[in-house]
Amino acid sequence: MSAPVSIIDPETLPRHFEAAEVEARLHDRWDRLAVYAHDPARPRSETFVVDTPPPTVSGSLHVGHVFSYTHTDVVARYRRMRGENVFYPMGWDDNGLPTERRVQNHFHVRCDPRAPFTPGLTLAPATAAELKQPPRLVSRPNFIDLCLELTRQDEEAFKSLWRRIGLSVDWSLEYSTIDARCRHLAQLSFRDLFEKGHVYSIEAPTMWDVDFQTAVAQAEVEDRPTRGAFHDVAFGVEGGGELTIATTRPELLPACVAVTAHPNDARYRALFGKTALTPIFKVPVPIFPSELVDPEKGTGILMVCTFGDATDVTWWREQKLPLRQIIGRDGRLVAVTFGSDAFPSRDAETANARYAAIVRKGVGGARQAIVEMLRDATSDATGAGVPPLRAEPKPIEHSVKFFEKGDRPLEFISTRQWFVRLLDKKDDLLAFGDRIRWHPDFMRLRYRNWTENLNVDWCVSRQRYFGVPFPVWYPLDRDGHPEYARPVVADAATMPVDPTVDVPPGYDDDQRDQPGGFTAEADVYDTWFTSSLTPQIGSGWLLDPERHAARFPADIRPQSHEIIRTWAFYTIAKAMLHERTVPWHHVVISGWILDPDRKKMSKSKGNVVTPMHLLDEYTSDGVRYWAASARLGTDTAFDEKVLKVGKRLVTKLYNAGKFVLSQAGPRAPIDVELDRAFVARLRELVARVTKAFDEFDYAHALQDTESFFWHDFTDTYLELVKHRARDDAGGSAIAALRLGLGVLLRLFAPVLPYVTDEVWSWVFAGETGHPSIHRAPWPSAAELDAVAVPADAGCFDVAVACLAAINKAKSEAGVSPGRGVARLALAAHPETLRALAPVQADVLRSARVERHEMVAADALAASTFEVRDAEWVAAVEA
RNA sequence: GGGCGGUUAGCUCAGCGGUAGAGCAUCGGCCUUACAAGCCGAGGGUCGCUGGUUCGAAACCAGCACCGCCCACCA
């Protein structure tokens, strides 16, 4: 007689799955066993490298995070069970404007680089009373300390959430984008791009946010529909005549440098080459033709200003127009003098008097004031002596460029900025994008679309504080002017540097800001300049060439679709510029979680669902089930019902595990036809689920596994064989049940890491020698091929159909399914009866049929049973 | 204006050339020796609209409508 299987005593286990206790216990266990540790010694071919998104820690924490990070984790867990050495780091994106803004609001402070440094400054969150006062000004080092302190707290909150939802990251690989190593890598990136000629600095009109007072890049700009109005304004024409331009930005009249119309526009053709005279300021400006003008819009003729919009920049460049910048970095009108070289005027005295009334005003105030002046006949420049505003402003709605995080329209302001040269590499960028596999594939079009429409190089300098500084100084000439054409870039060996503190090679500290000395580049990088290096941050790149060679490019980049134009795009660009390679082989795109009205969840909309109470109520596994139920790239409305289903599944797994593993019997081969048919079904399931996971399609993998588990395993197979399993001869059934449970637990493990590992630990951990299911091998064909193939795998379905027919009859008779059947006549097609024969005993025993009669009925369809006659066993008296 | 997705049962979603599916919700029946956090059943849909291809279309093609997203549109 063979040895009995090892079993559990269900009475010793908690009645229900105690999620909080199990989760805490398993965390300890996973840590102790180093289940998620990456092995640096294993070669690239055996390693699966995840380029994890570093979350912006200053953002709100909501179920959307849980959603997408779970997707990545599910894939990582699958790969780990496939025996791959998973490289799964976690970073925090903490530098940049979102953090600065959060710190400003949290402590009610503003950074003032001129403020004195206060050693050891710590602040409490601002009180309501403090918020009514002007913000406290703090020095740059103090401001950065406050940023570091607050992000540290934010990172703790994220980290505990990540652990709670069971992300299988290797925490020894944790980083933050502001830490010394990341600053070092970002500066090395700059140095490499500089040496290769991919970066340049130039003073040029740049999109500028007047609130944050920094340049921004094209990728951070969005169009917003904005109300405005066309103002018809009459200009004089020197030599006689007039013209009426239409503008939505009358406040830029002092910055007018030209007038233009379409070359074929008969109304204005005669004016080209002549000089127009602006009203109010009487500035002579050239009139030139341009194909870019739409004759249908406004009056068909318009003023060119420096700068009202992107087209103005084009005209300014192409026509070599003068620069009359009147909007300052703070969005207010700067002081200018009419009658100077830069601002000529036919009536400088009046022009200066009028301008004095608007100087220092913001754009809106200046607009009002100018419009009032345009209503005044004395502003006329046509000689007609009538108000230049020829019609009441016509309200329109048009789209205006905003910084995505900003509140006021962007201005084009001429400033010195650093750029990464990308415009001349569009073809390469497209080709590299096509070397990557996108999941779902249509997302590749977003990348193509963006790349094709790129129209300015990547502006990477930001006039902010909490960021990675440029490792750059400029020599000062004898007059103390910076020589921007000769930047001094820090040596790789001295990085990371802060040029405002550190001294460039070849200089002494006392030469700082002295004529003949040097001055620091005060700007910091665009946060994407660092974030675009996450695959290299993971691998170590120039700081660890050996590991870089073994861990780069990464396998997958998980991310959401709205940042394809930033994160994915810049990362592809960086890898291409640095090493002529792709940064990863697969991009895996999660959708969004929408609120029930199908709007994206965001803090500003106030529709955010936070995750903690959900984890408490539905367990981590239940929440993960919800996340893993959504297909890749598909936006999903948040629906708590799905969480409920997840929790139900967890409970069911726990109970099924207890039941199966408490069935005592001998260790025996699987040699009964029904058991073999079940294993055949299981084999098919494993093949399908494995294929789905290989394609990153965890949602279908889960759905398939779940429906098999619930329907085929617990409701059907288990019901069919549980009586036999209790018999002396039930060894085959017990073996098949245990095999099925062990396989299903592993198929579920990537999605439900807690309950599966808990059930696994009872018996399978010891039997297999794999203490955690998360390092147990993925179910394989080989493991199932040890079980012989059934003569007819279809007997499983026939058994199911037969049991269903009897159940239906019981239901129609109002009899409990558990009630026995004293006598039963079952009709089916002869072929069906033949198929039933090998499994008939299990079916009849399961239905508790005492006496039966099989009726051959040629008229019935295959696998169909009819209960012709039945006599139910009387109910047991209570 | 260009591009991309979507539109299937009351709800959330699968299916993507071969007789319409799941879960939830609804209704009915069951304490039945793993699980009532459960089980057994039932009802419920002209698969957005209009054409076309096909022996056969929810699926393929064309057009339209609506929803959403990405991009463009600042005179």
Side-chain angles (χ1 to χ4, degrees), chain A residues 10 15-17 222-226 228 230-231 245-249 252 259-261 290 292-294 297-305 308-312 315 396 398-402 409-410 412 440 442-450 452-453 455 561-562 564-565 591-592 594 596 598-600 626 629-631 633-642 644-645 647-663 699-700 703-704 706-707 710-711 714-715 718-719 722-723 726 803-804 806-820 848 878:
Chain A
R15 180 114 176 73
H16 301 305
F17 179 67
E222 65 187 25
D223 293 336
R224 293 182 200 162
T226 307
F230 265 127
H231 298 71
I245 60 106
T247 181
T248 57
R249 299 203 62 184
L252 290 177
V259 167
T260 183
S290 168
L292 297 178
V293 180
D294 177 0
K297 215 164 180 177
T299 56
I301 189 164
L302 60 105
M303 66 171 179
V304 179
C305 306
D309 63 25
T311 330
D312 280 345
W315 282 317
I396 54 162
H398 58 165
S399 64
V400 175
K401 283 190 198 304
F402 282 74
L410 289 171
F412 281 84
F442 68 80
M443 288 294 180
R444 117 183 12 258
L445 293 170
R446 300 251 179 131
Y447 174 83
R448 291 196 68 86
N449 199 231
W450 173 257
E452 283 164 359
N453 287 315
N455 57 37
H561 45 76
E562 84 278 13
I564 288 175
R565 68 171 178 172
W592 284 344
L594 309 173
R598 309 203 72 84
K599 300 281 176 228
K600 192 191 179 199
W626 160 76
S629 296
R631 275 146 62 239
T634 303
D635 297 345
T636 309
F638 179 70
D639 182 3
E640 215 159 316
K641 284 184 309 195
V642 181
K644 208 178 278 181
V645 175
K647 186 177 180 184
R648 235 166 45 98
L649 174 62
V650 170
T651 303
K652 188 77 171 178
L653 263 169
Y654 185 76
N655 288 330
K658 267 206 278 197
F659 178 71
V660 168
L661 294 175
S662 60
Q663 300 304 303
H700 283 111
Q703 197 179 51
D704 208 355
E706 181 191 11
S707 114
W710 210 290
H711 180 258
T714 65
D715 288 351
L718 201 150
E719 289 300 326
K722 68 181 179 189
H723 300 101
R726 291 197 192 102
L803 186 61
I806 299 171
N807 277 334
K808 187 169 178 175
K810 285 181 178 173
S811 184
E812 281 165 357
V815 170
S816 158
R819 194 92 68 79
R848 305 193 178 187

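Throughout, protein chains are lettered first and strands after them, A, B, ... in sequence-line order, and every chain is numbered starting at 1. Since this is a predicted model, take the numbers as computed values, not measurements.
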Q.
Closest approach to the side chain of R648(A), judged atom by atom: which nucleotide of C40(B), C4(B), G23(B) is it?
A. G23(B)

Q) Taking the side chain of R446(A) as heavy atoms from C-beta outward, which of C39(B), C69(B), G38(B) is closest to it? A) C69(B)

**Q.** Shortest side-chain distance from N453(A), nucleotide among A37(B), C71(B), G10(B)
**A.** C71(B)

Q. Does A36(B) have OP1 or OP2 sitting under 4.0 Å from an N or O in the side chain of R15(A)?
A. yes

Q) C40(B), C74(B), C71(B): which one has an atom nearest the side-chain heavy atoms of K401(A)? A) C74(B)

Q | Point-to-point distance, once rounded to the nearest 0.5 Å, from CG of N449(A) to CE of M443(A) | A | 12.5 Å

Q. Hey, which of D309(A), I396(A), V400(A), T226(A) is the one that makes side-chain contact (heavy atoms from CB on, under 4.5 Å) with T248(A)?
A. I396(A)

Q: Pick the C1' atom in U26(B) and in U19(B), then give their distance to the nearest Å.
A: 26 Å

Q: Scan every strand shown for a Watson-Crick or G-U wobble partner of A42(B), both distances under 3.5 Å, and answer none if you come up empty.
A: U26(B)

Q | Shortest side-chain distance from E719(A), nucleotide among C70(B), G15(B), C35(B) | A | C35(B)

Q.
When the P atoms of A37(B) and A42(B) are compared, how many Å lie between them, rounded to an integer?
A. 24 Å

Q.
Side chain of D309(A) only, heavy atoms from C-beta on: which candidate in C4(B), C74(B), C73(B) is closest?
A. C74(B)

Q | Spatial distance of atom CZ (F659(A)) from atom NZ (K652(A)) [nearest 0.5 Å] | A | 11.0 Å

Q) Can you find an N or O donor on one side and an acceptor on the other, under 3.5 Å apart, linking the side chain of K810(A) with the base of C40(B)? A) no

Q.
Strictly by Watson-Crick or wobble contacts shorter than 3.5 Å, is anything paired with G18(B), and which nucleotide is it?
A. C55(B)

Q: Taking atom P in both A57(B) and C74(B), compute the distance separating them and give it to the nearest angstrom.
A: 48 Å

Q. Hey, does the side-chain of K641(A) have a donor or acceptor N/O within less than 3.5 Å of a partner on the base of C11(B)?
A. yes

Q.
Does a side-chain N or O of R565(A) approach OP1 or OP2 of C71(B) to a distance below 4.0 Å, or not?
A. yes

Q) On a whole-Å scale, what distance lies between the C1' atoms belonging to A58(B) and A20(B)? A) 8 Å

Q.
Does the structure show a Watson-Crick or G-U wobble partner for A37(B), both distances under 3.5 Å? Name it, or say none.
A. none

(Q) For G5(B), give the paired nucleotide (Watson-Crick: N1-N3 plus N6-O4 or O6-N4; G-U: N1-O2 and O6-N3; both under 3.5 Å), or none. (A) C67(B)

Q. From L292(A) CG over to T260(A) OG1, what is the distance, rounded to the nearest 0.5 angstrom?
A. 8.0 Å

(Q) Please pick, from C74(B), C40(B), C69(B), the nucleotide with the shortest atom-to-atom distance to any side-chain atom of D715(A). (A) C40(B)

Q: With P as the reference atom in both, quote the distance from C55(B) to G63(B) in angstrom, rounded to an integer.
A: 24 Å

**Q.** Pair partner, A62(B) [Watson-Crick or wobble, under 3.5 Å]
**A.** U50(B)

(Q) Side chain of W710(A), heavy atoms from C-beta onward: which of C24(B), C39(B), A72(B) has the nearest atom to it? (A) C39(B)

Q. With side chains defined as the heavy atoms from C-beta onward, is the minimum distance between H561(A) and W592(A) less than 4.5 Å?
A. yes

Q) Watson-Crick or G-U wobble partner for A72(B), using a 3.5 Å limit on both distances? A) none

Q) Rounded to the nearest 0.5 Å, what separation is found between the CZ atom of R448(A) and the CD1 atom of I564(A)? A) 13.5 Å

Q) Can you check whether H700(A) has a side-chain N or O nearer than 4.0 Å to OP1 or OP2 of G15(B)? A) yes

Q.
Looking only at the side chain of K297(A) (C-beta and beyond, no hydrogens), which of the listed nucleotides C73(B), G23(B), C40(B) gets closest?
A. C73(B)

Q) Which listed nucleotide (C71(B), G15(B), C69(B)) is nearest to the side chain of N449(A)? A) C71(B)

**Q.** Separation between CZ of R648(A) and CH2 of W710(A), rounded to the nearest 0.5 Å
**A.** 4.0 Å

Q: Determine the Euclidean distance between corresponding P atoms of C67(B) and A72(B); express it in Å to zero decimal places.
A: 22 Å

